[in-house]
Amino acid sequence: MIPMVDLKSLNARLKPAIDDAMHTVISEASFIKGPSLREFEENLASYLNVKHVIGVANGTDALQIAMMALGLKIGDEVIVPSFTYVATAEVIGLLGLTPVMVDVDINTYNIDVKQVQAAITSNTKAIVPVHLYGQSAPMLEIMELAKKNNLFVVEDNAQAIGGDYTYIDGEQVKTGTIGDIGCTSFFPSKNLGCFGDGGAIFTNNDDLAQKIRMIANHGQPKKYVHTILGVNSRLDTLQAAVLNVKLKHLDDFAERRQAVAHRYNVELDEVDEIVCQKVANYSSHVYHQYTVRITNGKRDDLQAYLKAQGVSSKIYYPTPLYKQEAFKSYHDGRTHKGTEQLCKEVISFPIHTEMTAEVQSYIIKSIKTFFRV
Ligand SMILES: *Cc1c(COP(=O)(O)O)cnc(C)c1O
């Protein structure tokens, strides 16, 4: 079976450097808050050109701690896209805040700014744009709306680390560094993945950074002083050591993924029933996923056919968030046309840093054969 990602080959390629980095941590026995963690936080901050990076235990914790740091009250509303991974909205509900789900754009798959604007009420306190599959959400418009309405912006950058947002004047910034806070995940299959769970929070705001560090560490500004309620959420030093090695390759990883995506785009353009994801002019795309729409209603048949041919594919995501049992109570009953259509039409094909031309040819041939192209 051709896998969605090939972490074994990637890890084999980087093994000597990763082994060295891990052995350093083991010989120092510096497993919690060791030197490699501080080093990684500094390296990532400098790569992203952001003032503060705080390592945490996973991407979901990153989002939760970010929300906790904003000092919101029970019932405050936070706007999220209805087409995303559950973690984006889950942490909001868990904190007693109200996730307000809005529709996404059918072409870019990202949050629809008009719908965000329409969802703002006097209780709205924050927006959580998701840079889905590796493409930036429309951040300029979101930041303008946020400024006008005095809202926080927390970017869910779990799928887009290393991506760029380009302003109208050509200035480029890294996704995750535009809003008040950015959150990411180092889950193994993410574009920058570790050997287990990991995550990080980014901010340019000194006060928020201090509060985030405190919350992630039992709300303590110093040992055995607890000024607020916090959690225990740390990025292990061993994971930071792995990430330090991989961070040096992050741009190369993106280029490899982009080359695979480019070839899919060119080849699949010949298939009438496939519509590729639109890449907005303000965004790069780091292709955490390569996802297209199948417009003839045969998406599930294509998936079954590919499976029979030994080709993996995935549906991210099959169900609008508001149709999930856990989120029904937050739903106003309205149907989100974009999200509903995407849930029925999207399919993601294998994409990763180690894809060979031969394997990709086989995948493309299988897809084209299904559509008789
Ligand atoms: C992976 C992911 C998360 C959660 O990250 P974990 O490290 O698995 O907790 C959150 N949001 C999005 C969009 C993700 O893809």
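Computed from a prediction, not measured in an experiment: that's the story for all the values here. We count residues from 1, following the sequence as given. Indexing begins at 1, ligand by ligand and atom by atom, following the structure's order. Basis for what follows: all heavy atoms, side chains included, without hydrogens, waters or symmetry-related copies.
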field: Pair Y133 + Y109: ring centers closer than 6.0 Å
entry: yes
task: Identify, for atom 9 (O) of ligand 1, the protein heavy atom at the shortest distance, and state residue, atom and that distance.
output: T60 OG1, 2.5 Å
- line: Checking heavy-atom distances from atom 5 (O) of ligand 1 to each of G193, S185, G196, the winner is S185
task: Using a 4.0 Å heavy-atom threshold (strictly under), name the region of D156 that reaches ligand 1: side chain, backbone, both or neither.
output: side chain
task: Check whether any side-chain N or O of D103 sits under 3.5 Å from a backbone N or O of T339 as a donor-acceptor pair, and report yes or no.
output: yes
Close-contact set for ligand 1 against N58 heavy atoms, below 4.0 Å: 7 (O), 9 (O)
field: Structural part of K190 in contact with ligand 1, heavy atom criterion under 4.0 angstrom
entry: side chain
query: Under the side chain to side chain donor-acceptor pair (under 3.5 Å) criterion, do Q172 and T166 qualify, and how do the steps go?
result: CA-CA 4 Å; Q172 282 195 334; T166 307; 3.1 Å; yes
query: If we only count N/O pairs under 3.5 Å, is F186 in contact with ligand 1?
result: no
query: Do any nitrogen or oxygen atoms of Q159 come within less than 3.5 Å of a nitrogen or oxygen of ligand 1?
result: yes
message: Do C276 and V292 have side chains that approach each other closer than 4.5 Å (heavy atoms only, starting at C-beta)?
response: yes
- prompt: Is the H336 to Y322 ring centre distance short of 6.0 Å?
  reply: yes
- line: Test side-chain hydrogen bond (donor to acceptor under 3.5 Å, both in side chains), reference H285, set R257, H131, Q277, output is Q277
